[in-house]
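Working notes for the structure below.
In what follows, residues are counted from 1 in the order of the sequence shown. Numbering of ligands and ligand atoms starts at 1, following listing order.
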Amino acid sequence: MKPDLIHFPRAFFNSAHLNGENVLHESKRLSELAGIFGDNMAFLQMDGSRLVYEVYSWAPVPQGTEGGLFFGLTHLFPGVVGDEYFMTKGHFHAIENRGEYYWCIQGEGLLLLMDKQRETRAERMFPGTLHYIPGFTAHRVVNTGSRVLRFGACWPSDAGYNYDPIVADGFSRRVKKIGNLPVLTSV
Ligand code: S6P
Ligand code: ZN
């Protein structure tokens, strides 16, 4: 007899959940983001166990596979450290020319994009926005709203992560809450 050619799906995704085989879940707490925010005094006074973001990522092929794709869902919580909004750590890809898509599902924010010359620009995120992140470009998401910012991501399975330049030098602009509005400031 022929094996069944119609398979049950391996993963499930909706606006709030990503489940399935090989779906990893990571939580990023404030204490893991030391040195990322500008106001270290404010940072040290906050509860380090506070959840800043959660990432679910589906790796249908092993990390490092050339030609495959990964899929992710990030929930970035609202909050500030001093006057700077909660944000993801941000990274370049280890294979620098690899691009990525982000799309906003819920909430509002800014996607910071910094090139190799440290020029930073931002794209507004709100439900329905689609963002192409070119290669050689560091990417970070900032939650400028009052609810959870949820966004999807799709990137090459051999892209990898390079956080080192961000840990060392950050982005060249920060997003601050000034008069209740987000302002992109120079560092
Ligand atoms: C992976 C993709 C996202 C981020 C996630 C957390 O290429 O860009 O899944 O990993 O949003 O951000 P970060 O900067 O802490 O990895
Ligand atoms: Zn990425």
Side-chain angles (χ1 to χ4, degrees), residues 11 13 15-20 22-37 43 48 50-79 81 84-116 120-123 125 129-145 148-175:
F13 166 70
S15 55
H17 303 284
L18 173 60
N19 301 302
N22 301 318
V23 172
L24 296 176
H25 173 227
E26 288 174 281
S27 297
K28 198 68 84 177
R29 297 185 184 276
L30 199 54
S31 58
E32 296 168 78
L33 297 170
I36 295 295
F37 294 94
F43 178 85
R50 191 157 158 196
L51 196 54
V52 181
Y53 56 99
E54 289 182 288
V55 184
Y56 293 83
S57 48
W58 182 31
V61 294
Q63 167 82 38
T65 302
E66 190 182 331
L69 292 171
F70 288 167
F71 190 94
L73 175 66
T74 300
H75 306 307
L76 174 57
F77 293 92
V81 176
E84 191 173 10
Y85 294 101
F86 276 11
M87 58 191 177
T88 59
K89 195 168 178 180
H91 58 271
F92 288 95
H93 289 148
I95 300 185
E96 291 193 303
N97 69 2
R98 299 304 196 247
E100 183 163 0
Y101 279 111
Y102 276 4
W103 59 98
C104 183
I105 296 164
Q106 177 192 293
E108 54 186 306
L110 290 174
L111 168 61
L112 296 188
L113 297 165
M114 182 174 76
D115 66 21
K116 298 293 287 180
T120 300
R121 63 189 192 281
E123 291 183 3
M125 298 179 83
T129 59
L130 177 61
H131 308 272
Y132 177 65
I133 300 164
F136 303 99
T137 305
H139 36 294
R140 162 181 281 170
V141 173
V142 183
N143 186 344
T144 60
V148 182
L149 173 58
R150 302 187 201 281
F151 64 94
C154 184
W155 67 101
S157 45
D158 64 354
Y161 301 86
N162 181 8
Y163 293 100
D164 295 349
I166 305 305
V167 171
D169 303 313
F171 278 62
S172 59
R173 291 184 185 277
R174 294 185 180 277
V175 185

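Between the NE2 atom of His139 and the NE2 atom of His91, the angle centred on the Zn ion (ligand 2) amounts to 90° when rounded to 10°.
For the pair Ala153 and ligand 1, the shortest N or O to N or O distance does not fall below 3.5 Å.
Of all N, O or S atoms in Glu100, the one lying closest to the Zn ion (ligand 2) is OE1. Restricting His93 to its N, O or S atoms, the one at the least distance from the Zn ion (ligand 2) is NE2.
For atom 12 (O) of ligand 1, the closest heavy atom belonging to the protein is Thr88 CB, 3.7 Å. When hydrogens are left out, the protein atom nearest atom 11 (O) of ligand 1 is Thr74 OG1, 2.9 Å; that is the closest non-hydrogen contact. Nearest protein heavy-atom contact of atom 16 (O) of ligand 1 is Tyr163 OH, 2.5 Å. Summary of contacts: the protein heavy atom closest to atom 1 (C) of ligand 1 is Glu100 OE2, 3.4 Å. Counting only heavy atoms of the protein, atom 3 (C) of ligand 1 lies nearest to Tyr102 OH, 3.7 Å. Of the protein's non-hydrogen atoms, the one nearest atom 15 (O) of ligand 1 is Tyr53 OH, 2.5 Å.
The ring-ring contact (aromatic ring centres under 6.0 Å, His included) test with Trp103 singles out one residue from Phe151, Tyr132, Phe71, and that residue is Phe71. Considering Thr74, Leu73, Leu76, Leu24 as possible partners of Val55, the one that fulfils the side chain to side chain contact (heavy atoms under 4.5 Å, CB included) test is Thr74.
Less than 4.0 angstrom separates some heavy atom of His139 from each of these atoms of ligand 1: 8 (O). Every atom of ligand 1 with a heavy atom of His93 under 4.0 Å away is listed here by number and element: 7 (O). Distances below 4.0 Å separate heavy atoms of Phe151 from the following atoms of ligand 1: 11 (O).
Aromatic rings from His17 and Tyr56 are positioned such that their centres are separated by 6.0 Å or more.
Ring planes of His93 and His91: tilted class, angle from 30 to 60°.
Counting heavy atoms under 4.0 Å from ligand 1, residue Arg140 does not touch it at all.
Between Ser172 and Thr120 the shortest heavy-atom distance is OG-OG1, 2.7 Å. Of all non-hydrogen atoms in Met87 and Val52, the two that sit nearest each other are O-CG1, 3.9 Å.
Assignment of Ser57 to the shell around ligand 1 is not supported, since no heavy atom sits closer than 4.0 Å.
Remark: Tyr101 OH is loosely packed, at most 12 non-hydrogen atoms of other residues, nucleotides or ligands lying under 6.0 Å away.
Among His91, Lys28, Met87, the residue whose heavy atom lies closest to atom 4 (C) of ligand 1 is His91.
For the residue pair Ser157/Thr65, the side-chain donor-acceptor check at 3.5 Å is not satisfied. His139 and Thr137 share no donor-acceptor pair across their side chains, judged by distance under 3.5 Å alone.
For the pair Lys116 and Phe92, the cation sits on the ring face: its NZ or CZ lies under 6.0 Å from the ring centre, inside 45° of the axis.
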